[in-house]
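In what follows, chains carry the letters A, B, and so on, assigned in the order in which the sequence lines appear, proteins first and then strands, with residues in each chain numbered from 1. Computed over heavy atoms, backbone and side chain alike; hydrogens, waters and symmetry mates excluded.
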Number of protein chains: 2
Amino acid sequence: MDTNFDKKIFIENFKHSCNKVQIKKFVKGETVTTYIEKRNQICILLTGKVELIRYDFNGNKTIIGNFEENDIFGEVFYPANTNNELFVVAKRNSEVLFFTYDSLFNKCRRNCDFHKNLVNSLSELFLDQIINLNLRIELLTKRNIRGKILSYFDILSKRSLHKTFSIPFSYTDLADFLSIDRSAMMRELKLLIDEGFIKKNGNKITLLF
Amino acid sequence: MDTNFDKKIFIENFKHSCNKVQIKKFVKGETVTTYIEKRNQICILLTGKVELIRYDFNGNKTIIGNFEENDIFGEVFYPANTNNELFVVAKRNSEVLFFTYDSLFNKCRRNCDFHKNLVNSLSELFLDQIINLNLRIELLTKRNIRGKILSYFDILSKRSLHKTFSIPFSYTDLADFLSIDRSAMMRELKLLIDEGFIKKNGNKITLLF
DNA sequence: TCATTTTTGTTGCTTTTGCAACAGTTTTTT
DNA sequence: AAAAAACTGTTGCAAAAGCAACAAAAATGA
């Protein structure tokens with residue numbers, strides 16, 4: 001990927017120069033936004049950590065997405081008439097930049113600098129998002145719990161460039177993220193340890209293959 | 001979504017004016033491209049139908065994505081070091097436009113018109129793709145076969161604006177797309193029929209709720 | 001610092017899903 | 001038009017995953 005694009009700098013410019021955007025702060029546990037009303041909202045997480053969550057009628061929680069600094073999310077990425085109530089909750093104190101997709105194509109009051117590269121940058125941000133979603137699909141299409149776990153660990157390992165890495169979730173949330181039962185996941189983790197595929201120490205995992 | 005953007009016209013302009021792109025034709029069954037080498041390739045399907053496929057070591061086939069006219073796909077959407085061999089196969093005779101992400105940010109020989117709206121259009125195309133991927137994740141995170149089937153049918157129903165719609169797959173492929181066992185899926189379909197939730201006639205489904 | 005809440009680890013049991021296999025259809029190819 | 005290939009529908013059985021429940025550990029927060 002084009003690594004000479006600096007997302008952070010882009011976002012800083014964006015934030016200070018443009019009257020088309022808003023910034024809000026949220027404390028842990030607060031609801032950042034819901035995906036009910038269609039307003040083509042896009043959000044960029046400036047600091048903190050948020051989760052996109054769905055509860056189904058059985059009360060099963062699914063973590064549809066988890067976002068970290070500079071990630072992009074928002075209701076614009078979901079089709080209008082889904083009958084799902086999705087909401088975004090701050091996992092930590094967070095700072096979020098809000099705007100609407102349409103507003104990007106109008107000039108702002110100060111006709112500010114960021115417009116020059118905005119759409120370029122937007123497609124770059126979108127591209128990152130697509131890559132993340134494809135990774136997620138990669139996991140979810142694995143046919144069994146072992147496959148899902150190992151795929152995810154593989155991604156984490158490659159991302160950290162080490163065989164040892166820490167899981168950015170509690171195990172409870174990891175299960176929700178992989179869309180599997182927690183106890184079944186724990187059982188499978190134990191099997192993976194017993195069979196010598198991985199080592200586990202708290203939330204640190206080491207791949208032994 | 002912004003519906004006044006006409007993807008088709010954009011693609012037509014693109015195709016005729018720009019020397020940065022290539023068009024190739026494929027007959028049914030041919031491999032369109034593989035996602036092995038990293039070259040930031042982007043493909044737009046002009047006509048036909050293609051599938052993005054993964055086979056795992058057990059020989060399980062998974063349809064990672066299925067693309068129709070004007071859809072966008074390509075290895076640029078996958079991170080560099082996945083150890084998966086993904087390939088794109090034509091399900092019907094197809095026509096595909098190829099380019100690389102990087103090439104978009106250079107001017108082409110004739111400095112052609114499409115550059116004006118190119119990045120805008122690109123982000124629009126990316127946005128469509130994100131919406132599709134989110135729908136896919138929506139399905140895949142459902143905890144059981146019934147949930148997956150009903151979610152998918154719900155999408156098809158909303159897309160067609162009718163309670164009756166046809167499935168754009170064979171049942172064999174549908175199972176691969178939902179990442180479930182075919183016979184288990186057939187069993188579940190039968191249950192759904194017996195319990196009065198759906199009607200089924202060939203590849204036409206009617207929702208009764 | 002103590003009480004409360006959340007998370008982890010574990011297990012027996014039940015339900016769901018996958019696998020294998022095969023016969024009958026339909027579609028495609030020659 | 002016949003042969004081959006792919007798809008559909010079905011089933012019994014085996015394996016995997018989900019559920020429920022609980023104790024212990026850790027984290028949170030008043």
Side-chain angles (χ1 to χ4, degrees), chain A residues 27-30 49 51 53 56-63 89-93 139-150 166-195 198-205, chain B residues 27-30 49 51 53 56-63 89-93 139-150 166-195 198-205:
Chain A
V27 300
K28 183 178 166 177
E30 253 189 298
K49 191 172 177 180
E51 278 179 353
I53 294 171
D56 66 22
F57 30 84
N58 301 322
N60 277 323
K61 173 182 165 190
T62 302
I63 298 178
V89 176
K91 283 293 274 187
R92 304 210 200 107
N93 293 349
L139 302 182
L140 292 172
T141 51
K142 292 291 155 66
R143 299 302 177 98
N144 51 37
I145 289 184
R146 176 166 294 206
K148 287 177 188 174
I149 291 173
L150 289 181
S166 49
I167 301 172
F169 287 116
S170 68
Y171 283 99
T172 304
D173 282 356
L174 177 59
D176 291 335
F177 183 71
L178 299 179
S179 207
I180 54 184
D181 179 73
R182 186 188 62 85
S183 67
M185 182 189 76
M186 297 301 277
R187 183 165 42 208
E188 197 64 39
L189 280 173
K190 206 179 156 203
L191 283 175
L192 283 167
I193 293 164
D194 292 349
E195 294 173 27
I198 65 170
K199 267 200 284 194
K200 172 171 172 298
N201 183 5
N203 79 334
K204 294 235 183 312
I205 297 289
Chain B
V27 299
K28 185 179 165 175
E30 253 189 300
K49 191 170 175 178
E51 278 178 353
I53 293 171
D56 65 22
F57 30 84
N58 300 323
N60 275 325
K61 173 182 165 189
T62 302
I63 299 179
V89 176
K91 284 291 276 187
R92 304 208 201 108
N93 293 350
L139 301 182
L140 292 172
T141 52
K142 291 292 155 67
R143 299 303 177 96
N144 51 39
I145 290 182
R146 176 166 294 207
K148 287 176 187 175
I149 292 173
L150 289 181
S166 49
I167 301 171
F169 288 116
S170 69
Y171 284 98
T172 304
D173 281 355
L174 176 59
D176 291 334
F177 183 71
L178 299 179
S179 206
I180 54 184
D181 179 72
R182 186 188 63 85
S183 68
M185 182 189 76
M186 298 301 276
R187 182 164 42 207
E188 197 63 39
L189 280 173
K190 207 180 157 204
L191 284 175
L192 283 167
I193 293 164
D194 291 350
E195 295 173 25
I198 65 170
K199 269 199 284 195
K200 170 171 175 297
N201 182 5
N203 79 334
K204 293 236 183 312
I205 297 289

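A sub-4.0 Å separation between OP1 or OP2 of D/dT11 and a side-chain N or O of B/Lys190 is present. The side chain of A/Lys200 contributes no N or O atom lying less than 4.0 Å from OP1 or OP2 of C/dT8.
For A/Lys49 (side chain) and A/Pro168 (main-chain N/O), a donor-acceptor pair under 3.5 Å exists by modelled atom type. With hydrogens and angles ignored, the 3.5 Å screen pairs a side-chain donor or acceptor of B/Tyr171 with a backbone N or O of B/Gly202. At least one donor-acceptor pair closer than 3.5 Å links the side chain of B/Asn203 to the backbone N or O of B/Ile167.
Between B/Ile63 and B/Phe169, the shortest heavy-atom contact is CD1-CE2, 4.5 Å. When all heavy atoms of B/Ile145 and B/Met185 are compared, the pair lying nearest together is CG2-CA, 4.2 Å.
When base pairs are accepted only as Watson-Crick or G-U wobble with both N-N or N-O distances under 3.5 Å, DNA chain C takes part in stems of 3 or more pairs at C:1-30 with D:1-30.
For the atom pair A/Ser183 OG and A/Glu188 CD, the distance stands at 11.5 Å (nearest 0.5 Å). We find the CG-NZ distance between B/Asp173 and B/Lys91 to be 4.0 Å, quoted to the nearest 0.5 Å. Distance check, rounded to the nearest 0.5 Å: CG of B/Leu192 to CZ of B/Arg187 gives 13.0 Å.
Residue B/Asn144 has its side chain nearest to C/dT17 when only C/dT17, C/dT8, D/dA17 are considered. Comparing C/dT11, D/dC7, C/dT7 by their nearest atom to the side chain of A/Thr172 picks out C/dT7. Among the nucleotides C/dT8, D/dG18, C/dT17, the one closest to the side chain of A/Arg187 is D/dG18.
One can place CG of B/Asp176 at 17 Å from P of C/dT17, the figure rounded to the nearest angstrom. Straight-line distance from the CG atom of A/Leu178 to the P atom of D/dA17: 12 Å, rounded to whole Å. D/dA6 atom C1' lies 14 Å from atom CD of B/Glu51, rounded to whole Å. In this structure, B/Arg92 places its CZ atom 15 Å from P of C/dT27, rounding to the nearest Å. Across the protein-nucleic acid pair, A/Leu189 atom CG and C/dT10 atom C1' stand 13 Å apart, rounded to whole Å. The distance between atom CD1 of B/Ile149 and atom P of C/dT16, rounded to the nearest whole Å, is 14 Å. Across the protein-nucleic acid pair, A/Met185 atom CE and C/dG9 atom P stand 9 Å apart, rounded to whole Å. Here C/dT16 presents its C1' atom at 18 Å from CE of B/Met186, a figure rounded to the nearest Å.
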I would like to know whether B/Lys148 and B/Ile180 meet side chain to side chain contact (heavy atoms under 4.5 Å, CB included); could you show each step before the answer?
CA-CA 9 Å; B/Lys148 287 176 187 175; B/Ile180 54 184; 3.9 Å; yes
Take A/Glu195 and A/Lys190, measure what salt bridge (Lys or Arg N to Asp or Glu O under 4.0 Å) needs, and give me the verdict at the end.
CA-CA 8 Å; A/Glu195 294 173 27; A/Lys190 206 179 156 203; over 6 Å; no
Under the criterion side chain to side chain contact (heavy atoms under 4.5 Å, CB included), I'd like the reasoning laid out for B/Ile205 against B/Ser166: C-alpha separation, chi angles, the key distance, then a yes or no.
CA-CA 6 Å; B/Ile205 297 289; B/Ser166 49; over 6 Å; no
Give the C-alpha distance, both sets of side-chain angles, the deciding distance and a yes or no for salt bridge (Lys or Arg N to Asp or Glu O under 4.0 Å) between A/Asp176 and B/Arg143.
CA-CA 10 Å; A/Asp176 291 335; B/Arg143 299 303 177 96; 3.8 Å; yes
Once base and sugar-phosphate atoms are separated, protein heavy atoms under 4.0 Å mark nucleotides 25-30 of chain D, 5' to 3', with B, S and - as ------
A correct 5'-to-3' footprint of nucleotides 20-25 of chain C, with B, S and - meaning base, sugar-phosphate only and no protein heavy atom under 4.0 Å, is BB----
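For the pair A/Gly202 and B/Ile145, both in contact range of DNA chain C, the more 5′-proximal nearest nucleotide belongs to A/Gly202.
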